Amino acid sequence: MKRWVLAVSMVLAGVAAAQEPDWSKIEVKVVPVAGGVSMLVGQGGNIGVTTGKDGTFLIDDQFAQLLPKIKAAVKTLGDQPVRFVLNTHFHGDHTGSNAPLGESGVVIVAQDNVRKRLGLERINPSTKQRTPPQPPSAWPLITLAESVSFHLNGDDLDVLHVPSAHTDGDAIIKFRKANVIHMGDTFFNGFYPFIDIDSGGSVDGAIAAADRGLSLSDAGTKIIPGHGPLGTKADLQAYRDMLAGIRDRVKALVAQGKRLEQVLAAKPSAQWDAKWGNGFLNPDAFVSSVHRSLTESKK
Ligand SMILES: [Zn+2]
């Protein structure tokens with residue numbers, strides 16, 4: 001099973017209820033990105049990392065079971081202890097090491113809604129499965145409404161909230177000098193994304209988030225997706241065009257009064273399925289989520 005497949009299914013099911021992977025078999029690999037920024041790939045959301053005289057700054061922290069391996073990977077980049085963790089959103093495959101890091105004095109930073117959601121019990125509306133709230137040590141000490149900037153290790157990082165995208169608390173991060181962007185789960189590089197409509201996500205917001213990322217990019221920008229391999233502006237553009245293309249077709253079918261079954265039968269994603277439809281969400285599942293996002297009132 002591909003790593004991200006398991007990661008996403010763990011998010012959907014709630015980590016506690018999902019079958020635990022064999023953590024001892026999972027490696028945390030360092031992928032050099034640019035300008036002192038690296039990406040760590042293990043299980044769950046891709047981690048961004050920069051380290052230097054101002055300390056180690058992590059973007060997301062996967063799962064607590066992997067924290068020793070994450071720390072060992074960071075050590076190969078420098079000796080500075082972890083000082084900050086920025087969560088791109090609240091999902092457990094991006095915030096799983098928050099509690100032990102928070103207990104050890106690391107400052108956790110995220111958008112306002114991440115703190116709210118980490119402190120709430122989550123009930124999956126379709127399966128009724130319950131995910132308990134994370135302990136207070138996992139909650140961000142500092143939250144942002146729209147944006148915040150960090151000035152460390154010789155670079156300036158802008159953290160920007162993108163509303164109602166993958167969730168209601170997503171942030172994307174631009175390293176100005178390194179010319180690197182971490183998109184969190186507003187970018188699944190290579191497959192149809194999970195949009196967490198029950199947690200305030202929407203397809204229109206997901207498209208707007210991709211547009212925001214594109215507006216901050218040029219041909220040399222390296223783009224870290226929440227899941228999938230390191231990407232470029234062209235990859236993000238292809239992702240954006242896929243999302244908008246399917247959204248437009250589903251919208252047109254809804255405007256003609258078609259019901260979900262008829263929308264699915266019309267195969268509005270057909271031209272994109274070969275490239276994007278072989279991941280966790282098959283074409284029907286993704287089209288259904290787009291349909292739901294366009295037809296349900298916002299929560
Ligand atoms: Zn997510």
Side-chain angles (χ1 to χ4, degrees), residues 2-18 21 39-48 58-64 66 85-98 108 110-118 120 122-127 129 131 133-134 138 140 159-173 181-203 205-210 213 223-229 231 236 239 243 276 279-281 285-286 289-290 292-293 299:
K2 282 185 191 166
R3 283 183 180 147
W4 57 264
V5 175
L6 184 58
V8 177
S9 38
M10 288 170 83
V11 169
L12 292 177
V15 176
M39 169 170 126
L40 305 184
V41 181
Q43 174 89 50
N46 292 324
I47 293 174
L58 290 183
I59 301 171
D60 289 342
D61 54 29
Q62 296 190 352
F63 295 103
L66 293 177
V85 172
L86 187 285
N87 292 141
T88 59
H89 63 294
F90 81 99
H91 284 154
D93 58 327
H94 298 255
T95 59
S97 297
N98 274 21
I108 300 167
Q111 207 275 338
D112 295 339
N113 291 328
V114 174
R115 184 176 159 97
K116 281 185 207 151
R117 293 199 180 276
L118 286 175
L120 292 175
R122 190 159 175 252
I123 302 168
N124 184 318
S126 39
T127 64
Q129 221 150 22
T131 307
Q134 291 211 31
V159 180
L160 307 165
H161 174 47
V162 283
S164 189
H166 172 68
T167 66
D168 61 6
D170 299 292
I172 62 176
I173 300 90
I181 298 174
H182 194 310
M183 291 291 291
D185 278 3
T186 67
F187 182 26
F188 280 45
N189 191 9
F191 38 92
Y192 290 142
F194 167 53
I195 296 175
D196 192 346
I197 296 169
D198 295 307
S199 303
S202 72
V203 67
I207 294 165
I223 305 183
I224 302 174
H227 299 276
L236 183 58
Y239 178 75
L243 289 181
W276 303 91
F280 165 70
L281 287 189
F286 181 61
S289 77
V290 171
R292 186 180 160 205
S293 179
K299 305 207 170 178

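Ligands are counted one by one from 1 in listed order, and the atoms in each one are counted from 1 as well. Residues take their numbers from the sequence shown, with the count starting at 1. What you see is a predicted model, and the numbers here were worked out from it, not measured in a lab.
- In summary, His94 places no N/O/S atom under 2.8 Å from the Zn ion (ligand 1), failing the contact criterion.
- Separating the CG atom in Asp170 from the CD atom in Gln111 is a distance of 8.5 Å, to the nearest 0.5 Å.
- Residues that satisfy the ring-ring contact (aromatic ring centres under 6.0 Å, His included) test with His89, not counting sequence neighbours, are His91, His94, His166.
- Here the N, O or S atom of Asp185 that is nearest to the Zn ion (ligand 1) is OD2.
- Among residues two or more places apart in sequence or in another chain, the side-chain hydrogen bond (donor to acceptor under 3.5 Å, both in side chains) test is passed with Ser199 by Asp196.
- Closest approach between the Zn ion (ligand 1) and any N/O/S atom of His91 involves ND1.
- Rounded to 10 degrees, the NE2-metal-NE2 angle spanning His166 and His89 at the Zn ion (ligand 1) equals 100°.
- At a threshold of 4.0 Å, the pair Asp198-Arg122 does not count as salt-bridged, since none of the basic side-chain nitrogens sits closer than that to a carboxylate oxygen.
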